[in-house]
Amino acid sequence: MHLNPYGEYAVLLAASLANDWPADRAGIEERSLALGMTQTFPPAPDDHAQVRAVIDDWLAIVDEPDPDARAALLNDQLATAGAYPRLTNHDDEGWHLHYRDDVRSLPFVLRAIINLGTALHLVTRGMNRLGRCDAPPCTNVVADVTRNGRQRFCSVRCANRAAVRRHRARVS
């Protein structure tokens with residue numbers, strides 16, 4: 001049984017959108033479904049821009065190094081997201097918890113899911129488990145979901161590039 005559907009997948013979805021912003025709303029919806037969302041929402045003309053604002057607000061949380069300030073930013077976002085628990089059985093999937101209103105808006109739902117997922121991710125895994133890639137010039141978001149909590153790079157490519165730089169610095 002999966003007890004926390006909002007944690008890991010929501011943070012990985014936000015990181016994916018931040019690291020590779022889709023060109024249009026269809027791309028956002030496709031990515032959301034591929035990374036764990038199970039519902040689609042009726043399109044609105046400003047969805048693409050509103051979801052971009054959700055990601056930009058989330059990036060302020062990612063980039064805040066102070067845990068207290070990070071928590072304050074996240075609490076502000078949670079307050080706007082309507083993220084409170086409620087039992088639901090939509091589409092006869094079986095009873096489960098949702099942490100959002102039943103607003104049929106992609107930006108609204110993503111704000112709730114991403115911010116609640118980020119809160120769960122940070123309090124269960126650690127406030128330091130979200131940041132930017134340690135391999136300059138890369139600035140991708142790293143959502144550390146590893147067991148040991150030591151993920152510093154967004155990809156194997158960036159980790160290898162950093163290792164080569166360290167090796168060359170020692171050799172020369």
Side-chain angles (χ1 to χ4, degrees), residues 4-37 46-81 83 99-100 106-172:
N4 178 10
Y6 285 89
E8 185 174 312
Y9 101 82
V11 173
L12 293 175
L13 171 59
S16 174
L17 291 172
N19 293 341
D20 183 20
W21 180 243
D24 54 22
R25 186 202 189 275
I28 296 169
E29 187 171 275
E30 181 180 308
R31 184 94 46 87
S32 298
L33 291 170
L35 290 174
M37 280 190 63
D46 59 347
D47 280 352
H48 191 256
Q50 283 196 21
V51 173
R52 182 71 240 185
V54 168
I55 297 303
D56 289 343
D57 289 344
W58 182 77
L59 286 172
I61 296 163
V62 170
D63 292 333
E64 177 53 60
D66 177 61
D68 292 332
R70 177 178 269 187
L73 286 171
L74 187 49
N75 281 337
D76 289 345
Q77 287 302 309
L78 286 169
T80 67
Y99 291 89
R100 59 176 173 77
L106 180 63
F108 184 88
V109 169
L110 284 179
R111 184 174 298 279
I113 288 171
I114 287 170
N115 287 299
L116 181 64
T118 300
L120 290 168
H121 176 79
L122 294 176
V123 299
T124 59
R125 293 183 184 262
M127 290 297 282
N128 63 333
R129 302 281 295 260
L130 188 60
R132 298 285 185 157
C133 184
D134 275 358
C138 183
T139 60
N140 280 348
V141 172
V142 176
D144 184 356
V145 295
T146 62
R147 292 185 83 185
N148 67 9
R150 295 186 181 155
Q151 184 176 350
R152 298 179 10 229
F153 305 101
C154 68
S155 65
V156 172
R157 179 179 181 205
C158 280
N160 288 342
R161 186 174 29 187
V164 167
R165 283 187 183 141
R166 286 190 308 271
H167 173 73
R168 288 181 180 158
R170 282 191 308 266
V171 172
S172 53

Just verifying a value: how many Å separate [X] [atom1] and [Y] [atom2], rounded to the nearest 0.5 Å?
| X | Y | atom1 | atom2 | result |
| --- | --- | --- | --- | --- |
| Phe108 | Asp47 | CZ | CG | 13.5 Å |
| Leu13 | Leu33 | CG | CG | 9.5 Å |
| Ile114 | Gln77 | CD1 | CD | 10.5 Å |
| Thr146 | Gln151 | OG1 | CD | 5.5 Å |
| Leu122 | Asn128 | CG | CG | 9.0 Å |
| Glu8 | Leu35 | CD | CG | 11.0 Å |

Problem set entry | Asp56/Leu59 under side chain to side chain contact (heavy atoms under 4.5 Å, CB included): CA gap, chis, key distance, verdict | CA-CA 5 Å; Asp56 289 343; Leu59 286 172; 4.2 Å; yes

So do [Y] and [X] actually touch side chain to side chain, heavy atoms under 4.5 Å?
| X | Y | result |
| --- | --- | --- |
| Val145 | Leu12 | yes |
| Trp58 | Leu110 | no |
| Arg31 | Asp20 | yes |
| Ile55 | Arg52 | yes |
| Arg111 | Thr80 | yes |
| Val62 | Thr118 | no |

Heavy-atom closest contact ([X] atom, [Y] atom, distance):
| X | Y | answer |
| --- | --- | --- |
| Ala15 | Val141 | CB-CG1, 3.9 Å |
| Glu64 | Asp66 | OE2-N, 3.1 Å |
| Arg70 | Met127 | NH1-O, 2.6 Å |
| Pro107 | Val54 | O-CG2, 3.8 Å |
| Cys154 | Cys133 | N-SG, 3.5 Å |

Exercise. In terms of heavy-atom contacts, does CZ of Arg157 have more than 12 from other residues, nucleotides or ligands at under 6.0 Å?
Worked result: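 Not more than 12 within 6.0 Å, no.
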
Problem set entry | Audit row: Val142, Arg132, side chain to side chain contact (heavy atoms under 4.5 Å, CB included) steps and yes/no | CA-CA 5 Å; Val142 176; Arg132 298 285 185 157; over 6 Å; no

For this session: Go through Val51 and Trp21 one step at a time and tell me if the side chain to side chain contact (heavy atoms under 4.5 Å, CB included) criterion holds.
Result: CA-CA 10 Å; Val51 173; Trp21 180 243; 3.8 Å; yes

For this session: Please say which of Arg152, Arg165, Arg166 ends up in a salt bridge (Lys or Arg N to Asp or Glu O under 4.0 Å) with Asp134.
Result: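 One option only clears the test, and that one is Arg152.
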
Problem set entry | Side-chain (His48) to main-chain (Pro22) donor-acceptor, under 3.5 angstrom |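 Present.
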
